[in-house]
Amino acid sequence: MREDRVSLIVTEFNLPLAVVRFNRPAERNVLSENVRAQLEETLSKLTARRDVRAIIFTGTGDVFSAGADIRELLSLTSTTARDFAHRGQRLMRRIAEAPQVTIAAINGYCMGGGLDLALACDLRVAGPEAIFAHPGVALGIITGWGGTQRLPRIIGPARALEIILTARRIAAREALEIGLVNCLATEPLEEARSIARKIIDEWDSEERPR
C-alpha cells in the first residue's frame, strides 16, 4: 500500500513545546517503515532545536499506535529481521536520549511497538479508555524495539514477563496502578502539555540566580 509521507506524522509547535502526532487513523497509526523514517527525520530536527524543550507524542482518534506494520513483519526473513529490530531500537534510543523532556500522551490503543515508543519516553499520560498490550506472542514473536528491557525497569520483571508472555490487554486504571503510566487524564494531550510546562518552569527556576 502506498503511503503519503507528507501526512504520516504531523508536528505542531507551541514553543517551547512540540507535539508529534501519528496521523494514520485508518491504518491504526502503525509504525511502518515510512512512518519510522519520517519520525527519525522529525526527531533529528527537533532534538537539535534549543527552543524546543519538550516533545509530546500522541495519536489520532482512539489509537495512539498499534505498533509495527504486520504486513512488514510477515515479509521479514532471518536476515532482514535483525536489521528491522536494530533500526527500531535506534529510533527508540533516540527518543530515550533526547535532551528535551519526552511525554507520551496516550489517547487510546497503545500496542506492541507503539508501547515500546511510549516506554522510551520520560513520562506517560493516558486517557481513561487507553489500552496497552504487547501482543506479539500471539504471532510467535516478542517485541524487538527495546520493550523487553524498558518494561521491567518501569513495572518490575514479574509483571513485565506476564504481560509479554500472555499478550494480555491492560486497561488504563490497571496501567496506573502498576506504574506503567504516570497519570490518567480525560484529555491526555492537554495534561501532557501542562506537565511539560511545569517541568520547564522548574528547570528555569533552578537556573535563575538566587
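Computed from a predicted model, the values in this text were never measured in an experiment.
- Salt bridge status for K198 with E202: absent, with no side-chain N to carboxylate O gap under 4.0 Å.
- The heavy-atom pair separating W145 from A68 by the smallest distance is CH2-CB, 3.8 Å.
- Residues satisfying the salt bridge (Lys or Arg N to Asp or Glu O under 4.0 Å) test with R49, not counting sequence neighbours, are D51.
- Counting only residues at least two apart or on different chains, no ring-ring contact (aromatic ring centres under 6.0 Å, His included) pair has a member in residues 158-199.
- With sequence neighbours excluded, no residue forms a salt bridge (Lys or Arg N to Asp or Glu O under 4.0 Å) with E177.
- You'll find the side chain of L117 stays beyond 4.5 Å of the side chain of R36, heavy atoms only.
- Residues satisfying the side-chain contact (heavy atoms from CB on, under 4.5 Å) criterion with P128, sequence neighbours excluded, are absent altogether.
- The side-chain contact (heavy atoms from CB on, under 4.5 Å) check on P99 picks up T47, with sequence neighbours excluded.
- Residues D83 and R87 are paired through a salt bridge, judged by an N-O separation under 4.0 Å between the basic side chain and the carboxylate.
- Not a single side-chain contact (heavy atoms from CB on, under 4.5 Å) links S75 to another residue, sequence neighbours left out.
- Residues that satisfy the salt bridge (Lys or Arg N to Asp or Glu O under 4.0 Å) test with E190, not counting sequence neighbours, are R193.
- In this structure, D62 pairs ionically with R28, as a charged nitrogen and a carboxylate oxygen lie closer than 4.0 Å.
- Counting heavy atoms from C-beta outward, N182 and I195 have side chains that stay 4.5 Å or more apart.
- Proximity of V137 to T166: side-chain heavy atoms (C-beta onward) are nowhere separated by under 4.5 Å.
- Remark: side-chain polar atoms of Q100 are paired, donor with acceptor, to backbone N or O of L46 under 3.5 angstrom.
- Residues passing the salt bridge (Lys or Arg N to Asp or Glu O under 4.0 Å) test with E174 are R168, sequence neighbours excluded.
- Screening residues 94-112 for salt bridge (charged side-chain N to carboxylate O under 4.0 Å, His left out), with sequence neighbours left out, gives E40-R94.
- Under the side-chain contact (heavy atoms from CB on, under 4.5 Å) criterion, L161 pairs with L165, not counting sequence neighbours.
- Listed by first and then second residue, the ring-ring contact (aromatic ring centres under 6.0 Å, His included) pairs that reach into residues 95-133 come to none, sequence neighbours excluded.
- Within the structure, every pair that satisfies the side chain to side chain donor-acceptor pair (under 3.5 Å) test and touches residues 112-126, not counting sequence neighbours, is listed here: T102-D122, D116-H134, D116-T143.
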